[in-house]
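Input: a single structure, listed below in structure tokens.
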Amino acid sequence: ANINDPVHQETYVIPDKVRKFLDQRDPGKPFCLSISFKAPHGPWGDYDEMFENLYGDVPMPVAASVNEADALNRPEFLRQSLNGIRDMNIIRTGNDVQGALQKSMREYYRLINGTDYAVGKILDELRKRGLSDNTVIIFYSDNGHFMAEHGFTGKWLMYEESMRVPGFIFDPRHITKGASTREMVLNIDLAPTILGLAGIKVPGHMQGKSLLPLLEDPDKPFREDFFYEHQYRHLEGYQHIERSEGVRTREWKYIQYIDRTGVAAEELYNLATDSTEMKNLSKDPGSGKVLDSLRKQYLGYFSQK
């Protein structure tokens, strides 16, 4: 492979740079290394050719919310936004193995395979150097991505597909393999976690909480709710992405489109019974008390010091 080709940068170059870093480190001191991958970011076709034949005719899993009726039920201003519906036929042919959505998902998975390959090479290098039993590994992603759920592509919105990301922590001192937690954790928890691993006191002004207690007990209550915001005013060409804020609790989600008024400005979902967020309860009389409570909780974030 031509390692100067940008497609191959992550597959080959990043593991090689990690080896060079480990070659020059002082073996008598601890180290901290941050590695950033582009994949699985677009363009989707930027995967290594070694994965070309993967998933050739394999049906990709399509969410229930890849649904024409659900897409048309979204507020008009979302459906016309940059990350809104581009081609309804993509949804209609979502389960067609030869359809556009299935093709995109296969390419997306191939990009993930490339990242997995590179991470495997890095882990092999740690094992060869006798470092695998003395190194904590944190793997995290920056954002989710719509694959036609609700008719959307891109990200930026408060739906689960956009805001949920994979996250793994491997600490060889914890022997419970494969343990997972259903607690809500955030990317702002990473810095306190790393400081805790280094034995450094977390500054009082720092947001987030150390995840180390969850390594001891994955079922330990960690967070009951959090505030969400996407307030970025996009540059020319991106001005149609809606700004939004909201509250996410264990069972509920409240969304406020802050540049909108009227009936479409709010959304409310019961995640316990509607994990795919296909039933907006903001106008449901039976959910009025919950809506009012979450509105107050949402406004309360702005009064906190």
Checklist entry - Taking the six-membered ring for Trp, is the centroid-to-centroid distance between Phe51 and Tyr55 below 6.0 Å? => result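 No; Tyr55 has its ring centre 6.0 Å or more from that of Phe51.
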Next on the checklist: For His145 and Trp44, I'd like to know if the aromatic rings sit close, meaning centre-to-centre distance below 6.0 Å.
Outcome noted: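 Yes, ring centres under 6.0 Å apart.
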Checklist entry - Stepwise, does the salt bridge (Lys or Arg N to Asp or Glu O under 4.0 Å) test hold for Lys121 with Glu125? => result CA-CA 6 Å; Lys121 289 291 185 183; Glu125 192 65 32; over 6 Å; no
Checklist entry - For Tyr109 and Glu107, what are the C-alpha separation, side-chain angles and deciding distance, and is it a side chain to side chain donor-acceptor pair (under 3.5 Å)? => result CA-CA 5 Å; Tyr109 276 46; Glu107 292 177 341; over 6 Å; no
Checklist entry - For the hydrophobic clusters of this structure (ILVMFWY residues joined by side-chain heavy atoms under 4.5 Å, transitively), does one cluster hold both Phe222 and Met206? => result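 As far as the 4.5 Å side-chain criterion goes, Met206 and Phe222 are not connected within one cluster.
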Next on the checklist: Do Lys155 and Phe146 form a cation-pi contact, if we require the NZ or CZ to be under 6.0 Å from the six-membered ring centre and within 45 degrees of the ring's axis?
Outcome noted: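 Judged by the rule (NZ or CZ under 6.0 Å from the ring centre, within 45° of its axis), Lys155 is not positioned above Phe146.
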Next on the checklist: Distance check, rounded to the nearest 0.5 Å: Leu101 atom CG versus Arg106 atom CZ?
Outcome noted: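 With rounding to 0.5 Å, CG (Leu101) is 9.5 Å from CZ (Arg106).
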Checklist entry - About how many Å separate OG of Ser104 and CD1 of Ile90, when rounded to the nearest 0.5 Å? => result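 One gets 7.0 Å once the value is rounded to the nearest 0.5 Å.
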Checklist entry - Can Glu251 and Asn270 be counted as having a side-chain donor-acceptor contact under 3.5 angstrom? => result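 No, no side-chain donor-acceptor contact under 3.5 Å.
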Item to check | Between Asp96 and Thr93: side-chain donor-acceptor atoms closer than 3.5 Å | outcome: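 Distance-only check fails for Asp96 and Thr93.
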When you check the gap from the basic side-chain N to the acidic O, do [X] and [Y] get nearer than 4.0 Å?
{"X": "Glu68", "Y": "Arg92", "result": "yes"}
{"X": "Arg250", "Y": "Glu224", "result": "yes"}
{"X": "Arg127", "Y": "Asp133", "result": "no"}

Item to check | Sole residue of His150, Lys253, Glu267 in side chain to side chain donor-acceptor pair (under 3.5 Å) with Tyr159 | outcome: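 Single pass found, and it is Glu267.
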Next on the checklist: Using the rule ring pair (Phe, Tyr, Trp, His ring centres under 6.0 Å), only one of Tyr298, Tyr228, Tyr269 pairs with Tyr254; which is it?
Outcome noted: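 That would be Tyr298.
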Checklist entry - Which one of Val13, Ile122, Leu126 satisfies the side chain to side chain contact (heavy atoms under 4.5 Å, CB included) criterion with Val18? => result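 When Val13, Ile122, Leu126 are each tested with Val18, the side chain to side chain contact (heavy atoms under 4.5 Å, CB included) holds only for Ile122.
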Checklist entry - Which word best sums up how the rings of Phe227 and Tyr301 line up, parallel for under 30°, tilted for 30 to 60°, or perpendicular for over 60°? => result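 Tilted, since the angle between the ring planes falls between 30° and 60°.
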Item to check | For the student: nearest non-hydrogen atoms of Leu78 and Phe152, plus distance | outcome: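 Of all heavy-atom pairs spanning Leu78 and Phe152, the closest is O-CE2, 3.7 Å.
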Checklist entry - Would Asp124 and Lys128 count as a salt bridge (Lys or Arg N to Asp or Glu O under 4.0 Å) if you check the C-alpha gap in whole Å, the side-chain angles of each, and the deciding distance to 0.1 Å? => result CA-CA 6 Å; Asp124 285 343; Lys128 290 177 184 177; over 6 Å; no
